[in-house]
Amino acid sequence: MIKITFPDQSVREYQEGVTGLEIAKSISNSLANEVLSISVDGETWDLTRAILGNASVKLYKWDDEEGKHAFWHSSAHLMAEALEAIYPGVKLGIGPSIENGFYYDIDLGDGKSISDADLPKIENKMVELARTKSPYSRRDIPKEEALSYFTQKGDPYKIELITDLTDGTISFYSQGNFTDLCRGPHLPDTSYIKAIKLLSIAGAYWRGNEKNKQLTRIYGVSFPKQKMLEEYLVMLEQAKLRDHRKLGKELELFTFSPRVGQGLPLWLPKGAKLRELLENFLKKVQKEYGYEQVITPHIGQKELYVTSGHYEKYGKDSFQPIKTPQDGEEFLLKPMNCPHHCEIYRSKPHSYKDLPIRMAEFGTVYRYEQSGELHGLTRVRGFTQDDAHLFCRADQIKEEFIKVIDIIFRIFKALDFKDYVAQISLRDPNNKEKYIGSDENWDKAESAIIEAAQEKGLKTTVELGEAAFYGPKLDFMVKDAIGRKWQLGTIQVDYNLPERFELEYMGADNQKHRPVMIHRAPFGSMERFVAVLIEHTAGKFPLWLAPDQVVIMPISEKFNDYGKKVLNFLNNSDIRTLLDDRNEKIGKKIRDNELKKIPYLLIIGEKEEADGSVSVRKQGDGDKGSMSLEEFASFINNEIGTQLKEI
RNA sequence: GCUGAUGUAGCUCAGGGGUAGAGCACUUCCUUGGUAAGGAAGAGGUCAUGGGUUCAAUUCCCAUCAUCAGCUCCA
C-alpha cells in the first residue's frame, strides 16, 4: 500500500500502482467525471499513469489551468491525427495548448496550402475520431528509438526536436493511429472532447525564427460540453463589439486614410477632445510631482541620433533621413524625444542642488513599424508619447522610480484599470552583446528597479532578455478586448544617454558628476492608451472624459428654443453639451443618443419649459426624474468632482 | 517583412461574365409626438487601384495598395 496526501493534508492509502482516475473515483463518481489531470509531487501527470510510491497529489478539473492544459493539448493531438488522415504525408511541427485553446504547426509540403474553407472538414474528422474513445497512452522510450520512429516516418521537425532534447528519457503518446513526441499530460481518452471549433489559419515560423521555414498554424479551441463552446463563441462575438477600431469609427474618435499613410491616425474632434482631457489630467498630476513641460521639434539632425545610438540600432528600420537643399545635411523624423531633452539639459550647467530635473513633453515620434504589425491605434507609425525624462543623481533613482510608480497607480485608479501586469525586463545574461553600457551600471539599474517595485508592493513578473538595449525597464501591460497583451506605462533606467551626451552636474564636492536618466511614460502613448481605454470602457467613458457629456432632446420642435437656453446654460457651466433639435420623435432621439454613449440625456417638453427644469436620463440606466437647471449642473459637477477626487 | 483571408453607397452587408441592391445615415415633405427606431419621396457607387483574358469584366487571372487573423519585430 502507498500513502497519498491530498492538498488539505489528509492522507489515504491505496494499492501501489493506483491511477489518478482511480483515486478520483474512490472519492466520488462526480469527481471522477470531471477530473482531467493530476499533479503528483508537483509534476502534472496523466490520470491513467500508475503511481508507484507515496505521493502528494492534486486533482485538476476544467476550472484549473492544468486541467484545461491537458484537455487542449490532447485536442491538438486529435487535430494532428485528423490532419494526417486527411492530408497523408503532412509533417508536424509543434502542437501545444495555449491560453485559449490550442494550435498545431504543420508543413503540408511545397506548394500545398489549406484555407478557412477546409477547417470544417478537419473539425468533422476530429469529432469522428473523438467518438472512437481512443485512449491516450504514454510510453517512455530511448532517444534512438524515438529518432528512428520519426526518421522512418520522415518528419524532420520532430527529429530536430528530439535531437535537441537533453533529457534521458523521451515519451511518446499515442491515440488511435497517431503517435507523437510529447511530454504530456493527456486526457484518459478522446471521448472527453465533445465540442471542437477550429478558429483560424496563420503562418508561423518554425521555432519562432524568421529565418526558418514558415509552417501553417491551425488554431482551435475545444470543450467538454457543446454548450460551453457556444458560450465561448458568444463571448468572442461580444468582445469584438468592444474593439477600439470598431468603436473608434462608430463614436467618431479617429480614422485612417491611405492617402495620409498607413499607421498614421487622424484624430477626429471627439477623439481629439478625449485626448486633450487625458493630457490635461496628466499634466496636472505631473505638475504636482515637480515636472516641467518642454516642447521640442519633430525632426532633428541625423547626427543627434548617431550620438544617442538610436541610428545605429534602428536606423535601417526607420523612416529614412530627410535631405535638404544643403549638401550633406540630413534630418530624421524623431523616433525618440530623449536626445532632444538631453540637449535641453545641456543648455546650461547644473548643480547637484537642481536635481532631479523632470522634463515632460507630449512628444510625437515616428517609427517605421513593419506593415504587418500595424494595428488600429495600438501599433502605429506616428504617435505621441506622454514622455518625460528625469535627470537625477544615482542615489535618487529609487525614490524617483517610486514616484513614477505612484503616478501610474493614480492614473490607473482614475480610469479603473485593474487588470494589469507589471513586468520587469532585465537583460539576457547569455547575450550581453545586445546591450550597451557597463555591467556595473546594468546591475545597479536592475536592482534599483526591483527594489522600487518591492517597496511599492507591486506584484511583478521578471522577463530576462526583454530589456531595452540601453537599460532595464518596468512595464505595465494590459489586455485588450480579445486578450492580446499591450504595453502601456513604462519606466526605464538609462545610464547610456548621459554618457553619450556627456551630461554633467557639479557635485557638492566641486567635482563634475554624471547624472542618471529615467525615461518614463505612464500612458505609454496617447494612441495606445486611448485604444485600451475604449476597449476597457466599451466606449462608455467616465463622465469627466466623455467628449460629449450631455445631450438635450426637445420632445418636439416647439421646444427647440427652450433647448437652446438649456444648451447655453450648461455650456456656460463648463458642461460639454449638445442639442438634438432634429425633427424626430423622442424615442428615436433616445435610441440614437444612447447608442452614441453620451452619459446624460435631457428630455425637455412643455412641463420642463414651464418650470425651468430638465428630465434626466442616464445612459444605460433610464429615467432619473427631473431637476432644475441649476440642480442638474451641480449634479454633473459633483459627479465629476467625485470621480476626480478619487484620483 | 512573412503566411492566409478580405476589399461593392458615409456605415453594416447582399449579389454576380451583359455597366448594381438592401437596411441605417443623408436631403425634402407630411407629422409636433413624453423615455430605445412615425410615414412618404429623393439623392448617393469608375463595385480599392493598375494591367491581362473576353465581343463584353464590378464579377475570371496577375500585380499593387489598404484592411483583418497570426508569425516575426517593437527604441
Side-chain angles (χ1 to χ4, degrees), chain A residues 98 103 105 113-118 199-219 240 243 245-246 249-250 252 255-259 261-263 305 308-315 317-318 334-339 365 367-376 378-381 385 387 436 466-471 473 475 482 484 486-487 490 492 494 496-497 519 528 553-560 582-595 601-608 615-620 622-626:
Chain A
I98 50 176
Y103 66 79
D105 284 348
S113 68
I114 58 172
S115 76
D116 293 351
D118 299 311
L199 298 166
S200 62
I201 297 175
Y205 300 106
W206 169 238
R207 304 195 119 182
N209 189 330
E210 209 177 352
K211 295 187 179 74
N212 288 342
K213 180 164 182 178
Q214 194 163 54
L215 306 179
T216 303
R217 177 172 295 179
I218 305 177
Y219 283 92
K240 279 186 196 151
D243 191 310
R245 292 166 297 186
K246 182 178 160 61
K249 195 179 272 180
E250 285 173 7
E252 297 180 352
T255 189
F256 289 88
S257 157
R259 289 148 82 92
Q262 243 191 320
Y305 291 95
S308 72
H310 291 111
Y311 189 76
E312 192 199 342
K313 190 85 183 167
Y314 293 104
D317 310 319
S318 299
K334 74 175 169 188
M336 291 284 278
N337 300 302
C338 28
V365 297
R367 299 176 183 178
Y368 194 79
E369 304 286 0
Q370 294 184 42
S371 63
E373 280 312 325
L374 300 172
H375 182 95
T378 48
R379 193 82 183 267
V380 286
R381 285 180 169 166
Q385 296 178 316
D387 212 358
I436 46 185
E466 291 293 311
F469 73 96
Y470 52 75
K473 55 182 183 168
D475 292 327
I482 31 183
R484 285 179 289 223
W486 298 99
Q487 177 211 302
T490 182
Q492 315 182 353
D494 187 352
N496 172 55
L497 280 185
H519 309 243
R528 183 174 289 177
M553 307 182 300
I555 290 282
S556 84
E557 289 176 319
K558 282 192 278 189
F559 310 105
N560 280 353
R582 292 176 303 163
N583 178 8
E584 294 290 352
K585 292 175 90 166
I586 197 65
K588 171 75 166 163
K589 291 187 184 182
I590 289 171
R591 178 181 157 78
D592 288 351
N593 289 301
E594 286 272 352
L595 291 174
L601 282 59
L602 301 183
I603 293 166
I604 54 169
E606 194 174 359
K607 181 175 156 295
E608 287 75 14
S615 174
V616 181
R617 207 187 141 95
K618 188 170 180 162
Q619 122 83 27
D623 196 352
K624 296 272 134 194
S626 73

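Note on naming: letters A, B, ... go to the chains in the order of the sequence lines (proteins, then strands), and numbering restarts at 1 for each one. Note: hydrogens, waters and symmetry copies are ignored here, and every other heavy atom, side chains too, is used.
Note on A:Gly622: nothing from the nucleic acid sits closer than 4.0 angstrom, heavy atoms only. Residue contacts for A:Tyr470: at a heavy-atom cut-off of 4.0 Å it reaches the sugar-phosphate backbone alone, with no base atom in range. A:Glu606 comes within 4.0 angstrom of a nucleotide base, judged by non-hydrogen atoms across all strands. Looking at heavy-atom distances under 4.0 Å, A:Thr216 makes no contact with the nucleic acid at all. Contact annotation for A:Ser308: no contact, since no heavy-atom pair falls under 4.0 Å across all strands. When heavy atoms are screened at a 4.0 angstrom cut-off, A:Glu312 is found touching no nucleic acid atom at all. Across all strands shown, A:Gly605 has heavy atoms under 4.0 Å from base atoms, whether or not it also approaches the sugar-phosphate.
Look at A:Lys249 and you'll find a side-chain N or O under 4.0 angstrom from OP1 or OP2 of B:rU12. Of the side-chain N and O atoms in A:Arg207, none sit less than 4.0 angstrom from OP1 or OP2 of B:rC71. In this structure, A:His375 reaches the B:rA69 phosphate: one of its side-chain N or O atoms is under 4.0 Å from OP1 or OP2.
Rounded to an integer number of Å, the gap from A:Leu601 CG to B:rU35 P is 14 Å. Rounded to an integer number of Å, the gap from CD of A:Gln262 to C1' of B:rC68 is 13 Å. Rounding to whole angstrom units, CD of residue A:Gln385 and C1' of B:rA75 are separated by 9 Å. Rounded to whole Å, the distance from CD on A:Gln370 to P on B:rA75 is 13 Å. The distance between atom CZ of A:Arg245 and atom P of B:rA69, rounded to the nearest whole Å, is 4 Å.
The residue among A:Ser200 and A:Ala468 whose nearest nucleotide of RNA chain B lies closer to the 5′ end is A:Ser200. Each of A:Asp243 and A:Leu215 was matched to the nucleotide of RNA chain B holding its nearest heavy atom; the match closer to the 5' end belongs to A:Leu215.
Only the P atoms considered, B:rU58 is 13 Å distant from B:rU46, to the nearest whole Å. The gap from the P atom of B:rU32 to that of B:rG39 amounts to 15 Å, rounded to the nearest Å. Spacing between B:rG18 and B:rC47 at atom C1', rounded to whole Å, works out to 16 Å. With C1' as the reference atom, B:rU12 and B:rC26 are 16 Å apart, rounded to whole Å. As rounded to the nearest Å, B:rU49 and B:rA57 have P atoms that lie 15 Å from one another.
Using a 4.5 Å heavy-atom threshold, the side chains of A:Ser371 and A:Arg381 count as touching.
Between the base of B:rA69 and the side chain of A:Arg217 there is no donor-acceptor pair shorter than 3.5 Å. No hydrogens or angles were tested; on distance alone, a donor-acceptor pair under 3.5 Å links the side chain of A:Arg379 to the base of B:rC73. Side-chain atoms of A:Tyr205 stay outside donor-acceptor range of the base of B:rG70, with no qualifying N/O pair under 3.5 Å. You'll find a donor-acceptor pair under 3.5 Å spanning the side chain of A:Glu594 and the base of B:rA36, going by distance alone.
The nearest pair of heavy atoms linking A:Glu594 to A:Lys618 is OE2-O, 4.0 Å. Nearest heavy-atom pair, A:Gly263 versus A:Val380, reported as atom, atom and distance to 0.1 Å: O-CB, 3.2 Å. The nearest pair of heavy atoms linking A:Gln492 to A:Ala468 is OE1-CB, 4.3 Å. Of all heavy-atom pairs between A:Met336 and A:Tyr305, the closest is O-OH, 3.0 Å. The minimum heavy-atom distance linking A:Arg528 with A:Arg379 is given by the pair NH2-CD, 3.8 Å.
Salt bridge status for A:Glu606 with A:Lys558: absent, with no side-chain N to carboxylate O gap under 4.0 Å.
Taking the side chain of A:Glu369 as heavy atoms from C-beta on, and the options B:rC74, B:rA69, B:rU67, the nearest nucleotide is B:rC74.
Ring orientation note: the planes of A:Tyr470 and A:His310 are nearly perpendicular, at an angle over 60° on the 30°/60° scale.
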Quiz item: Taking protein heavy atoms under 4.0 Å as touching, what does nucleotides 23-33 of chain B look like 5' to 3' if B marks base contact, S marks sugar-phosphate-only contact and - marks none?
Solution: --S----BBBB
Exercise. Let me have a per-nucleotide readout for nucleotides 4-10 of chain B, 5' to 3', with B, S or -, counting only protein heavy atoms under 4.0 Å.
Key: -------
Quiz item: Pairing of RNA chain B as dot-bracket, 5' to 3': ( ) intra-strand, [ ] crossing, | other strand, . unpaired, with Watson-Crick or G-U pairs under 3.5 Å?
Solution: (((((((..((((....[..)))).(((((.......))))).....(((((..]....))))))))))))....
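Partner A:Pro554 forms a side chain to side chain contact (heavy atoms under 4.5 Å, CB included) with one of A:Ile586, A:Asn560, A:Ile603 and no other, that one being A:Asn560.
Aromatic stacking of A:Tyr314 on B:rA75: satisfied, with centres closer than 5.5 Å and planes within an angle under 30 degrees.
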